[in-house]
Each structure stands twice: as C-alpha cells, then as structure tokens.
Amino acid sequence: MIVYLYLEVDLSDDDADLEDVARDCGHTLSHPQLLDWDLLGVTNWHGHACLEFQLQMKATVAESDLHQLISDIQVQISHPAVSSSRTMLVSDTRES
C-alpha cells in the first residue's frame, strides 16, 4: 500500500531553503510496516512548507490507523540547517 507523509521542517539557518534541504538532506524512516520510501520533494500543506514522502507499506493500512502512523513512524532528517521536524499528516491520497 502506498501512503504519503508530510513532514514540516524548522530551519535554523535563515539563508537555507527547503528545496536545498530536500535535495541535500539525509533521511531515515522507520516503522515495522514500512518497506520503502521516497522523498518526493517540497509541497505546501495547508500553509505549511513540508517535505513530502511516498511510503510503501507492507500491508493495507486502515484509515483509522493512518492517524496512529503519525506518532508511530520514526523520521530522522540529517541536514545542518534543520533544527526540528514534525509529521503533519499521513494520508492514503496525495495532498498536493
């Protein structure tokens, strides 16, 4: 099953651009049901500039369980300009 994750990123460097972060960052995602992922780029989700990931899950995820994925999935972004990040949404449809 394909789902989409939207990750808001706070930048500590005023000169940094989220497009540059998306292109240059390292990223690790971890969840027992996660098979693979792909960073699709930057998107605007309800006024929040977010990194958009496409996730390949092992099994179909019920819509009620998508909300649980927000807190269960572990996401690490490695880039010197990133001070913090938080998962805004996990959806079975692409929001952008």
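Position 1 is the first residue of the sequence, and the numbers go up from there. Since we're looking at a predicted model, the values are computed, not measured.
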Worksheet item: Under the side chain to side chain contact (heavy atoms under 4.5 Å, CB included) test, which residues partner Thr87, sequence neighbours left out?
Response: Leu5, Leu7, Ile70, Ile73, Val75, Val90
Worksheet entry | Taking every non-hydrogen atom, the tightest pair across Leu39 and Ala22 | CD2-O, 3.3 Å
Worksheet item: How many angstroms lie between atom SG of Cys50 and atom OH of Tyr4, to the nearest 0.5 angstrom?
Response: 15.5 Å
Fill in: Spacing of CD belonging to Gln74 relative to OG1 belonging to Thr28, to within rounding of 0.5 Å
11.0 Å
Discussion item. The criterion is side chain to side chain contact (heavy atoms under 4.5 Å, CB included); which residues satisfy it with Ser78, sequence neighbours excluded?
Written reply: none
Discussion item. Restricting to non-hydrogen atoms, name the atom on Pro80 and the atom on Ser12 that form the minimum distance, rounded to 0.1 Å.
Written reply: O-OG, 3.8 Å
Worksheet entry | All side chain to side chain donor-acceptor pair (under 3.5 Å) counterparts of Thr60, not counting sequence neighbours | none
Discussion item. Holding to side chain to side chain donor-acceptor pair (under 3.5 Å), I want the full list of residues that pass it with Asp13, two or more places apart in sequence or in another chain.
Written reply: none
Fill in: Sub-4.5 Å side-chain heavy-atom contact between Cys25 and Asp20
no
Practice prompt. With rounding to the nearest 0.5 Å, note down the distance linking CG in Leu40 to CD in Glu52.
Written response: 5.0 Å
Discussion item. Taking Leu51 as the starting point, is it possible to reach Val82 by hopping between hydrophobic residues whose side chains are less than 4.5 Å apart?
Written reply: yes
Worksheet item: Taking all atoms of both residues into account, what is the closest heavy-atom pair of Met1 and Ala59, and its distance?
Response: CB-O, 3.6 Å
Fill in: Single-linkage hydrophobic cluster Leu29~Val21, side-chain heavy atoms < 4.5 angstrom
yes
Worksheet item: How would you list, by chain and number, every residue that makes a side chain to side chain donor-acceptor pair (under 3.5 Å) with Arg86, sequence neighbours excluded?
Response: Glu8, Asp10
Worksheet, complete the sentence: Closest heavy-atom pair, Tyr6 versus Glu95, reported as atoms and distance to 0.1 Å, is OH-N, 2.7 Å
Practice prompt. With sequence neighbours excluded, tell me which residues meet side chain to side chain donor-acceptor pair (under 3.5 Å) with His27.
Written response: Trp37
Discussion item. Please report the interatomic distance CG(Leu18) to NE2(His79), rounded to the nearest 0.5 Å.
Written reply: 9.5 Å
Item to complete: Drop me the distance from Arg94's CZ to Ile2's CD1, to the nearest 0.5 angstrom.
Response: 11.5 Å
Worksheet, complete the sentence: Correct closest heavy-atom pair for Ser85 and Ile77 would be OG-CG1, 4.4 Å
Worksheet item: What do the steps show when you test Gln33 against Val61 for side chain to side chain contact (heavy atoms under 4.5 Å, CB included), and what is the final call?
Response: CA-CA 9 Å; Gln33 295 298 315; Val61 179; 5.7 Å; no
Discussion item. I need the Met57 CE to Asp65 CG distance, nearest 0.5 Å.
Written reply: 10.0 Å
Worksheet item: Is there a path from Phe53 to Trp45 through hydrophobic residues (I, L, V, M, F, W, Y) whose side chains come within less than 4.5 Å of each other?
Response: no
